[in-house]
Structures are given as structure tokens and as C-alpha cells.
Amino acid sequence: MKRPLADDHAEIDCLLEEFFAALAARDVEMIYRTLDFFWARLAMHIRAEHLHLFPAILDAVKTQTAENVSLPSLTEARNAINELHDDHNFFMSELLAAIKTLRELRENNAVADFSNRIEKVRDAVVSVKRRLETHNQIEETEVYRWAERLLSAPESAALDERMRREITNLPPRFGISAGS
Ligand SMILES: [Fe+2]
Ligand SMILES: [Fe+2]
């Protein structure tokens, strides 16, 4: 069964490709807009993991009674989730800095170091892309699977629904209502 967060990874990857296409076209407005949208979608995804997925996994691990080698201990689950948290912080801080630079370049694209600053934005987003690939792989092959194994079918369906709401709740600045 495909899970909402794994599907969301694929959609967010496509948004990143749109940013790199805008970068190749050297269109500052499109570079800004595509990165702003990627940033927003990634932030919504991270929010779903922090608010719903990670607490559900930790709660279920704490109360599990069955001996099962395919399930993590509480320490393993905590360590894995802490590392994912560190990745999330890295993504958000790099993207915030890139967005700030792009906002300045939108205001004044005649600045002398325009090319250098665009290159710095590219480097930052490439570093996010690389770390995101490993991050998503760990989630899809380990952490998301823990949730599937730990939760009952009704718990899992309820969790998916809460996460689906979170990842479709776009900020108003994009002019698209939640769930559409
Ligand atoms: Fe994540
Ligand atoms: Fe994720």
C-alpha cells in the first residue's frame, strides 16, 4: 500500500526539478516562486511527520508487548527520529537563507554580485537535495515501515488521514484552499 508521505516525497522531488529548470533559464521570479513553493511543501511535510507520525511511532513503541525483531527498541526509534529532526532543521535553515537571498535579488537584480549569489543559492539547494535523498530513503525503508507494523489497520488509517490533511494545508499565500 502506498502511503501519503511516500507519495508526497515524489511530488516534492518534482517541485525541486521545477526550481532547477527555472535556475537554468536564469529567471529570478520563477526561481523564487519555485523555491518558495518547494519550501512550503517540504515544511508542510515535515510538520506532518513532527505532529503526527513521530509521536504515533514513539507511543506505539512504548506500549508494544510483542517480541518482534523487525520493530525498533525505544532507543533505536528515538535515535532515528532525532537524526531525522536534525535533517529537517538543516533543510529549513538552508532554504530560509536561500529564500532571503532570492527576495533581495528580486528587489534589485542589478546587484554587482548577482551571479555569485545565485550560485550560492544553487549550492545550498543542491546540498538540501542530496541530504533529502538519503533522508527520504531512510524514512521509506525504515521509519514509515515501523508505523505500518506497529499500528492496527484503523489506527493506521486514522494516522494517514491526519497526515493527508496536514500535507494538503497550503499557506494562504499560494491561493489554493486546503485539500484541493
Ligand atoms: Fe522527514
Ligand atoms: Fe518524509
Side-chain angles (χ1 to χ4, degrees), residues 1-21 33-62 64 70-100 121-171 173-174 176 178-180:
M1 181 177 56
K2 260 293 199 185
R3 306 305 294 262
L5 292 185
D7 289 346
D8 205 40
H9 284 168
E11 285 183 26
I12 290 171
D13 283 348
C14 289
L15 297 176
L16 200 50
E17 292 314 311
E18 288 176 15
F19 161 81
F20 285 112
R33 283 197 198 173
T34 52
L35 193 64
D36 189 35
F37 195 50
F38 168 76
W39 179 41
R41 286 286 305 265
L42 186 60
M44 290 154 61
H45 181 96
I46 287 172
R47 190 174 156 82
E49 292 177 344
H50 285 199
L51 284 182
H52 305 296
L53 180 70
F54 296 161
I57 289 174
L58 291 173
D59 284 349
V61 171
K62 279 178 206 158
Q64 69 171 321
S70 69
L71 292 176
S73 68
L74 184 56
T75 305
E76 284 168 332
R78 277 191 179 135
N79 288 346
I81 287 171
N82 283 344
E83 285 186 20
L84 296 175
H85 265 275
D86 287 346
D87 290 342
H88 291 164
N89 290 340
F90 172 80
F91 302 146
M92 290 296 107
S93 68
E94 290 293 307
L95 291 171
L96 178 62
I99 284 285
K100 276 186 183 164
V121 167
R122 178 203 298 272
D123 290 348
V125 181
V126 166
S127 69
V128 167
K129 179 183 160 81
R130 292 211 180 104
R131 192 157 166 179
L132 190 60
E133 280 166 6
T134 313
H135 178 93
N136 288 352
Q137 200 180 6
I138 292 169
E139 288 183 341
E140 289 177 30
T141 58
E142 294 177 30
V143 178
Y144 292 178
R145 291 194 180 170
W146 292 343
E148 289 167 23
R149 294 185 193 123
L150 283 159
L151 301 177
S152 67
E155 286 169 341
S156 195
L159 174 64
D160 281 358
E161 185 48 38
R162 290 201 299 278
M163 294 195 298
R164 218 171 254 120
R165 272 205 299 271
E166 211 66 62
I167 62 178
T168 53
N169 188 19
L170 268 173
R173 73 179 184 277
F174 296 104
I176 305 166
S180 66

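Below, all heavy atoms of this structure are taken into account, side chains as well, without hydrogens, waters or symmetry copies. In each ligand, atom 1 is the first atom listed, and ligand 1 is the first ligand listed.
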If you check every N/O/S atom of Glu139, which is the one nearest the Fe ion (ligand 1)? OE2
Do you see an N/O/S atom of Glu140, backbone or side chain, under 2.8 Å from the Fe ion (ligand 2)? no
Can you give the angle His45 NE2 - the Fe ion (ligand 2) - Tyr144 OH, rounded to 10°? 100°
Partner of Leu42 under side-chain contact (heavy atoms from CB on, under 4.5 Å), picked from His9, Met92, Arg47, is Met92
Which atom names give the shortest non-hydrogen contact between Gln64 and Leu71, and what distance separates them? OE1-CD1, 3.0 Å
For His50 and His88, take the angle between the two ring planes, folded into 0 to 90°, and tell me which bin it lands in: parallel under 30, tilted 30 to 60, perpendicular over 60. tilted
So which atom in Trp146 and which in Glu76 form the shortest heavy-atom distance, rounded to 0.1 Å? CH2-O, 4.2 Å
If I take the Fe ion (ligand 2) as the centre, what angle separates the NE2 atom of His9 from the OE2 atom of Glu49? Nearest 10 degrees is fine. 150°
